[in-house]
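Below is one structure, written out as structure tokens, with a few remarks after it.
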Amino acid sequence: MIVAIRFLIPLLIILTVIYFGLSIYSRLVRRRKLIAHWERKGMTGDRDAFVARGLKKYDNSFRRKLLLGVYVVPLGAIALLIYITNFK
């Protein structure tokens, strides 16, 4: 059990760093797309408010929640390997 904890704590730290990196990158990409859409359509008004509304929609989107796969996939694979190794 202690070996598992010694393995999982650094793994969770690494996955958290990866999650935050991907999250920041994904948000920056979405912001660039919103600005490009604004300029391509030649919209008038407050561009910052348009981008803020778009990012708020993005924060509640399914695509944003897919980033949690950074945790689910590796931990699920490890749990599956442990199960197969011990109980099959």
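Values below: all heavy atoms of this structure, side chains included; hydrogens, waters and symmetry mates excluded.
Val17 and Leu8 fall into different hydrophobic clusters, where Ile, Leu, Val, Met, Phe, Trp and Tyr are joined by side-chain heavy atoms under 4.5 Å apart, directly or via other members. Both Ile82 and Leu12 belong to a common hydrophobic cluster when Ile, Leu, Val, Met, Phe, Trp and Tyr are linked at side-chain heavy-atom distances under 4.5 angstrom. Both Tyr71 and Leu11 sit in one connected hydrophobic cluster of ILVMFWY residues. Membership requires side-chain heavy atoms under 4.5 Å apart, directly or through other members. When hydrophobic clusters are built by joining Ile, Leu, Val, Met, Phe, Trp and Tyr residues whose side-chain heavy atoms come closer than 4.5 Å, directly or via intermediates, Ile13 is not grouped with Val70. Under the 4.5 Å side-chain heavy-atom criterion for ILVMFWY residues, a single connected hydrophobic cluster contains both Leu67 and Leu15.
For Val72, the side chain to side chain contact (heavy atoms under 4.5 Å, CB included) test picks out no residue, with sequence neighbours left out.
Of all non-hydrogen atoms in Gly69 and Pro74, the two that sit nearest each other are O-CD, 3.7 Å. Scanning both residues, Thr44 and Trp38, for their nearest heavy atoms gives O-CH2, 3.4 Å. Counting all heavy atoms, side chain and backbone alike, Asn60 lies closest to Lys65 at O-NZ, 3.3 Å.
Within a 6.0 Å sphere centred on NZ of Lys56, heavy atoms belonging to other residues, nucleotides or ligands number 12 at most. Environment of CZ in Arg31: sparse, with no more than 12 heavy atoms of neighbouring residues, nucleotides or ligands closer than 6.0 Å.
Ser23 places no side-chain N or O within donor-acceptor distance of the main-chain N or O of Phe20, the cut-off being under 3.5 Å.
Using a 4.5 Å heavy-atom threshold, the side chains of Ile78 and Phe7 count as touching.
Classified by interplanar angle (parallel below 30°, tilted 30° to 60°, perpendicular above 60°), the ring pair Phe50/His37 is parallel.
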Exercise for the section: Please step through side-chain contact (heavy atoms from CB on, under 4.5 Å) for the pair Arg27 and Asp59, ending with a clear verdict. Expected result: CA-CA 9 Å; Arg27 192 169 170 86; Asp59 287 340; 2.7 Å; yes
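The line from CZ of Arg64 to CZ of Arg30 is 12.0 Å long, rounded to the nearest 0.5 Å.
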